[in-house]
There are 2 protein chains.
Amino acid sequence: MSRMSREDQPVAEVVDLGPLASSLGFLFRMGQIEVFDMFYDTVGRLGLKPGEFSVLWAVHLNPGVRQGAVAETLRIKPAHMTKLIRSFESQGLIARHIPAEDRRGIELRLTDLGEAFVNDNAQAFFSYARQEANRLTPEEAAQLIALLQKFTRLGGTP
Amino acid sequence: MSRMSREDQPVAEVVDLGPLASSLGFLFRMGQIEVFDMFYDTVGRLGLKPGEFSVLWAVHLNPGVRQGAVAETLRIKPAHMTKLIRSFESQGLIARHIPAEDRRGIELRLTDLGEAFVNDNAQAFFSYARQEANRLTPEEAAQLIALLQKFTRLGGTP
DNA sequence: AGAAATTAGTTTACAAGGAAACAGTATTCT
DNA sequence: AGAATACTGTTTCCTTGTAAACTAATTTCT
């Protein structure tokens, strides 16, 4: 019989990580993987990927936004953004519009279909967030979010 | 003149993110990107990638560990782990050894070259971690690390 | 002992994301 | 006006990481 952790994972061997286990970068990575797993167990089954949904969400909240602005805010690289937007366009979720004043930029809007999709899924998308923090007390979760916002400079109106 | 933030980035347009900016998954992603940028500005120039170094580090601290155990701990998928280890082997940094008792597993050890590499770079690798947290007070940084460890279950001897 | 199941790692085939070079549009500067 | 510069998005190629099917070794179950 191999050792089992109480919950799920077989723990074959304990691997000591030393100071790595206190390194911010490593912990962010682990946290993200953890959240991603939870996300998949709950919401992700049917075509709702975090990165993609966040783009739709940003366009939903900022109709007419230029695609570069979304990319910069979500820190998606332009090359990747082009692919995402083109894909959304071909799925009929986003409409691209080149304004006459400045034909370089591209204004983005959700189509009716896109709006419907976001409205249908926003609830589920954001509710997994509560689930995911159940290893922390509500106070700890709030504190963690506040610290992350400060670190990433995404604080509410600083 | 387009609007500039005081520091570096041109802020063409403010994109409202609503509750997304308070979502753990999103914040982890942003945090990781942020750390990665800092890492690159300081250490990453010469062939020191976070993921790869963390594997070498884990083997360094746990000589003879099986490759699957490292993969599980660092949450690297087996397929990817195979590639990483093979690459390290071909670079002469890691030696693989198949023990006679169980010829399925593979024990990993750093070669002398691998040990030298880790010893040469560990200092730099872990010191960027202090740098990266300079948006937070030392207390906040410690608190953030503690919360992340609790969330990811990597807490020190729980 | 021999079949079935489990474990560990590998291979293949692909998706996600990024860097660098590029193309079209607008602005600036003589 | 025309040349040089800056801005915005796209294309091409490459790296990183994953899923699923596979091979080999070991354990379990009759």
Side-chain angles (χ1 to χ4, degrees), chain A residues 1-4 9-13 15 29-30 32-33 36-37 39-40 44-45 47-55 64-90 94 96-108, chain B residues 1-4 9-13 15 29-30 32-33 36-37 39-40 44-45 47-55 64-90 94 96-108:
Chain A
M1 179 195 74
S2 78
R3 280 171 288 170
M4 290 285 198
Q9 255 82 6
V11 175
E13 241 172 297
V15 179
R29 181 180 134 80
M30 300 303 263
Q32 202 180 354
I33 292 173
F36 197 76
D37 284 354
F39 183 85
Y40 249 73
R45 316 275 190 179
L48 198 55
K49 299 182 198 167
E52 296 179 1
F53 189 81
S54 66
V55 172
V65 72
R66 280 175 312 100
Q67 106 179 27
V70 175
E72 193 185 318
T73 303
L74 300 181
R75 308 209 50 176
I76 294 169
K77 292 289 185 297
H80 185 37
M81 196 65 179
T82 295
K83 292 181 199 165
L84 287 174
I85 296 300
R86 290 306 174 105
S87 161
F88 287 140
E89 192 184 25
S90 78
I94 277 189
R96 306 184 324 136
H97 171 247
I98 299 178
E101 320 87 76
D102 187 337
R103 298 172 40 73
R104 290 172 306 184
I106 297 184
E107 294 180 354
L108 302 177
Chain B
M1 179 194 75
S2 79
R3 282 171 286 170
M4 291 285 197
Q9 256 80 7
V11 176
E13 239 171 298
V15 179
R29 181 180 135 79
M30 299 303 263
Q32 203 180 354
I33 292 172
F36 197 76
D37 284 355
F39 183 85
Y40 250 72
R45 317 277 189 176
L48 198 56
K49 299 183 197 167
E52 295 179 1
F53 189 82
S54 65
V55 171
V65 71
R66 280 175 312 101
Q67 107 178 27
V70 175
E72 194 185 316
T73 303
L74 299 181
R75 308 208 50 174
I76 294 169
K77 293 289 185 296
H80 186 35
M81 197 64 180
T82 295
K83 289 183 200 166
L84 288 174
I85 297 300
R86 291 304 174 107
S87 161
F88 287 139
E89 193 184 24
S90 78
I94 276 189
R96 307 185 323 136
H97 172 245
I98 299 178
E101 323 84 74
D102 187 337
R103 299 171 39 73
R104 291 172 304 184
I106 296 184
E107 295 180 353
L108 301 178

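So you know, we letter chains A, B, ... as the sequences are listed, proteins then strands, and number each from 1. Note: hydrogens, waters and symmetry copies are ignored here, and every other heavy atom, side chains too, is used.
The CD-C1' distance, from B:E72 to C:dA8, rounds to 12 Å in whole Å. For the pair A:R66 CZ and D:dT8 P, the interatomic distance rounds to 5 Å; values are reported in whole Å. When rounded to the nearest whole Å, the span between CZ of A:R75 and C1' of C:dA16 equals 18 Å. With rounding to whole Å, A:E52 atom CD is found 12 Å from C:dA15 atom P. If you take NZ of B:K49 and C1' of C:dG18, they are 12 Å apart, rounded to a whole angstrom. Residue A:Q32 contributes atom CD, which lies 17 Å from atom P of D:dT16 at whole-angstrom precision. B:I98 places its CD1 atom 15 Å from the C1' atom of C:dT7, with the value rounded to the nearest Å. In this structure, the NZ atom of A:K77 is 17 Å from the P atom of D:dT10, given to the nearest Å.
Rounding to the nearest 0.5 Å places CZ of B:R96 at 12.0 Å from CD of B:E107. In this structure, A:K77 NZ and A:T82 OG1 are separated by 13.5 Å, a value rounded to the nearest 0.5 Å.
For A:A79, whose side chain is taken as the heavy atoms from C-beta onward, the closest listed nucleotide among C:dA19, D:dT10, D:dT8 is C:dA19. Considering only side-chain atoms of A:H80, the nucleotide from C:dT10, C:dG18, D:dG9 that sits closest is C:dG18. In this structure, of C:dT10, C:dA8, C:dA16, it is C:dT10 that holds the atom nearest to the side chain of B:T82. The side chain of A:R103 lies closest to C:dT25 when the candidates are C:dT25, D:dT26, D:dG9.
Between B:D102 and B:R66 no salt bridge is recorded (no basic side-chain N to carboxylate O distance below 4.0 Å).
Residue A:R96 is the one, among A:R96 and A:R29, whose nearest nucleotide of DNA chain D lies closer to the 5' end (criterion: closest heavy atom). Looking at which nucleotide of DNA chain C each of B:R86 and A:L84 is closest to, the 5′-most match is held by B:R86. Each of B:P78 and B:K83 has a nearest nucleotide on DNA chain C; the 5'-most of these lies closest to B:P78. Across the interface with DNA chain D, nearest-nucleotide mapping of A:I33 and A:D102 shows A:D102 to be the residue nearer the 5′ end.
At a threshold of 4.0 angstrom between heavy atoms, the contacts of B:E107 with the nucleic acid are absent. In this structure, B:I106 reaches the sugar-phosphate backbone alone: every heavy-atom distance under 4.0 Å involves primed, P, OP1 or OP2 atoms, never a base.
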*May I have the step-by-step check of side-chain contact (heavy atoms from CB on, under 4.5 Å) for A:V70 and A:I76, ending in yes or no?*
CA-CA 8 Å; A:V70 175; A:I76 294 169; 5.8 Å; no

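A parallel orientation is assigned to the rings of A:F36 and A:F39, their planes being inclined by less than 30° (bins at 30° and 60°).
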